[in-house]
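Keep in mind it's a predicted model, so treat the numbers as computed, not measured. Quick note: numbers below take in every heavy atom, side chains included, and nothing from hydrogens, waters or symmetry partners.
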Amino acid sequence: MTKELMQLEVDSDLKKAFLACVSRAYNGKVEQGILDLMRIYVERAQGTPGQKMIKEKVKEYVYGGEVQAGLSPREMEKIFLNKTEEDIEAARLDK
């Protein structure tokens, strides 16, 4: 892992309030808290579909298709849980 220095220019009041919140939540370990928050944000952003994407998929598949055409349970699982066919099949075989 390569480490780099990251500098930000922020409002002084925002910085003080943010550091106070992180310090309370991480028992004074501000740097570790900030790194954890960054990791959490990246994992969430890359790991799960956002609300906007879900709404677009629902609009496309549910409202944009033929009349009486709907999503199968398998398609819903793929969209809402961000799974692949392989993930779904593996979970089915584990049962």
Side-chain angles (χ1 to χ4, degrees):
M1 167 182 15
T2 305
K3 295 193 175 199
E4 295 183 20
L5 178 64
M6 183 173 153
Q7 294 179 330
L8 301 171
E9 202 170 303
V10 297
D11 178 70
S12 178
D13 292 337
L14 176 62
K15 176 186 172 188
K16 287 176 188 173
F18 177 73
L19 292 178
C21 291
V22 173
S23 181
R24 268 193 314 271
Y26 286 86
N27 297 319
K29 299 177 184 174
V30 175
E31 188 172 317
Q32 184 60 44
I34 293 171
L35 292 173
D36 283 350
L37 292 170
M38 290 173 73
R39 281 189 203 99
I40 290 166
Y41 180 83
V42 170
E43 287 171 4
R44 285 186 181 172
Q46 292 178 345
T48 59
Q51 289 296 320
K52 185 176 182 181
M53 186 179 117
I54 290 172
K55 287 178 184 177
E56 288 172 1
K57 292 288 185 184
V58 168
K59 184 185 273 187
E60 176 185 344
Y61 287 104
V62 176
Y63 300 116
E66 300 173 15
V67 176
Q68 299 296 321
L71 291 173
S72 69
R74 193 173 195 101
E75 288 300 317
M76 285 185 208
E77 190 172 359
K78 285 172 28 182
I79 293 167
F80 292 113
L81 299 178
N82 199 26
K83 290 186 174 182
T84 63
E85 283 289 332
E86 292 79 20
D87 295 334
I88 295 169
E89 191 63 23
R92 186 183 71 76
L93 294 174
D94 285 340
K95 290 182 180 178

* Asked: Which pairs count as side-chain hydrogen bond (donor to acceptor under 3.5 Å, both in side chains) when at least one residue sits in residues 20-35, sequence neighbours excluded?
  -> Gln32-Asp36
* Separation between CD of Glu9 and NZ of Lys15, rounded to the nearest 0.5 Å -> 11.0 Å
* Is there a chain of hydrophobic side chains (I, L, V, M, F, W, Y, each step under 4.5 Å between heavy atoms) that links Leu8 to Val30? -> yes
* To do: Show your working on side-chain contact (heavy atoms from CB on, under 4.5 Å) between Phe18 and Val10 and close with a plain yes or no.
  => CA-CA 11 Å; Phe18 177 73; Val10 297; over 6 Å; no
* Given side chains that start at C-beta, do those of Met38 and Met6 come closer than 4.5 Å, heavy atoms only? -> yes
